[in-house]
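One structure below.
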Amino acid sequence: MIAKRVIPCLDVKDGKVVKGTNFVSLRKLGDPVQMAADYSRGGADEIIFLDISATNEGRNTMTDIVKKTAETVFVPFTVGGGVKTIDDVSRLLKAGADKVGINSAAVSNPELITEASARFGSQCIVIAVDAKRYADGWHVMTHGGTMDTGIDALQWVKTAEQKGAGEILLTSVDTDGVKHGFDLSLTKAVVDAVRIPVIASGGCGSPEHFTEVYKQTGVSAALAASIFHQGTFSIKEVKQSCAGQGVNIREPGFF
């Protein structure tokens, strides 16, 4: 059985790590380069960097910060935000990203997934899916969770996989920043819909929430921001808790 991954996420706006609730009410928390370095040393299995305002502001991801961050981390590093073209993917990989996350642009042009995976390898292409519950199911949200596309999220992840995506980064807009736990029903439905790895995001408030989402959904990895950024729990504590509950976690003693 492949070991589960624990991933801290750095949502970046105006050069600072921020965190909000349900994608709004953002608070500045610190410097992304320093925080990424600390997480890399602290046992993170991967680090995800999302330039959350790039799409809405119509600009590219902040490449200079990506370069500086890549120089400080020694674990896989995924970058997303404002990725619209093959050139954007290439630029971020050259800046030091191991994988590139695509969200809004993939929804508007699914062939971008096919082209990117063919050129760089599917292992480099992560499709970020922000999903919100509606009466008829979960809809795909774009532009930082502000725009309802009306697209069924379960159908979209299947399409993304067919187009060549190597991984799904799934964020529940409903549970984001709430700290009551991951959206288990959404996560389980997405995991069951595809064969590629899925990263659960949105709602983590304790180490037990990691164990819960791993055991109940079969997700490959889980991501958190607030509990790590605010020092509520460390990656070490999360891994020790998961290991103690029988989860096959990556190197729980490596600290």
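Heavy-atom basis, side chains included; hydrogens, waters and symmetry copies ignored. By convention here, the first residue in the shown sequence is residue 1.
Nearest heavy atoms, Val213 versus Thr187: CG2-CG2, 4.1 Å. Nearest heavy atoms, Ser40 versus Phe74: OG-N, 2.9 Å. Nearest heavy atoms, Ile249 versus Ala243: CG2-CB, 4.0 Å. Closest heavy-atom contact between Val79 and Ala97: CG2-CB, 3.7 Å.
Evaluation of the ring pair (Phe, Tyr, Trp, His ring centres under 6.0 Å) rule for Phe77 yields no partner, not counting sequence neighbours. Residues meeting the side chain to side chain donor-acceptor pair (under 3.5 Å) test with Lys132, sequence neighbours left out: Asp174.
Only one option out of Val140, Thr159, Thr142 pairs with Ile151 in a side chain to side chain contact (heavy atoms under 4.5 Å, CB included); it is Val140.
In this structure the side chain of Ile102 reaches within 4.5 angstrom of the side chain of Val89, judged on heavy atoms. You'll find the side chain of Phe49 reaches within 4.5 Å of the side chain of Val12, heavy atoms only. Side-chain contact check for Asp130 versus Asn103: some heavy-atom pair is nearer than 4.5 Å. Side-chain contact between Ile199 and Leu223 is present, with heavy atoms from C-beta onward closer than 4.5 Å. Counting only heavy atoms from C-beta outward, the side chains of Thr78 and Val100 never approach each other to under 4.5 Å. Looking at Phe228 and Ser234, their side chains never come closer than 4.5 Å, going by heavy atoms from C-beta outward. Between Ile127 and Glu167 the shortest side-chain heavy-atom distance does not fall below 4.5 Å.
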Apply side-chain hydrogen bond (donor to acceptor under 3.5 Å, both in side chains) to Asp183 and Ser185, showing your working.
CA-CA 6 Å; Asp183 188 328; Ser185 56; 3.1 Å; yes
For side-chain hydrogen bond (donor to acceptor under 3.5 Å, both in side chains), just list the numbers for Ser220 and Arg5, CA-CA rounded to whole Å, side-chain angles, deciding distance to a tenth of an Å, and then say yes or no.
CA-CA 7 Å; Ser220 298; Arg5 290 171 286 155; 4.8 Å; no
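Under the 4.5 Å side-chain contact rule for hydrophobic residues, Met147 and Met141 do not share a cluster.
Rounded to the nearest 0.5 angstrom, Asp152 CG and Trp138 CH2 are separated by 9.0 Å. Taking OG of Ser201 as the start and CG of Asp176 as the end, the distance is 6.5 Å to the nearest 0.5 Å. Remark: Asp45 CG to Tyr39 OH distance equals 14.0 Å, nearest 0.5 Å. With rounding to the nearest 0.5 angstrom, the NZ atom of Lys99 is 7.0 Å from the CD1 atom of Ile48. Taking OG1 of Thr149 as the start and NE2 of His143 as the end, the distance is 11.0 Å to the nearest 0.5 Å. With rounding to the nearest 0.5 angstrom, the OG1 atom of Thr63 is 6.0 Å from the CG atom of Leu92.
Residue pairs that meet the side chain to side chain donor-acceptor pair (under 3.5 Å) test with at least one member in residues 109-121, sequence neighbours left out, are Glu111-Lys163.
Not less than 6.0 angstrom separates the ring centroid of Tyr214 from the ring centroid of His209.
Between His139 and Tyr134, the ring planes lie parallel to each other; the angle is under 30°, not in the 30° to 60° tilted range.
Using a distance-only test at 3.5 Å, with no hydrogens or angles considered, no donor-acceptor pair links the side chain of Lys68 to the main chain of Val66.
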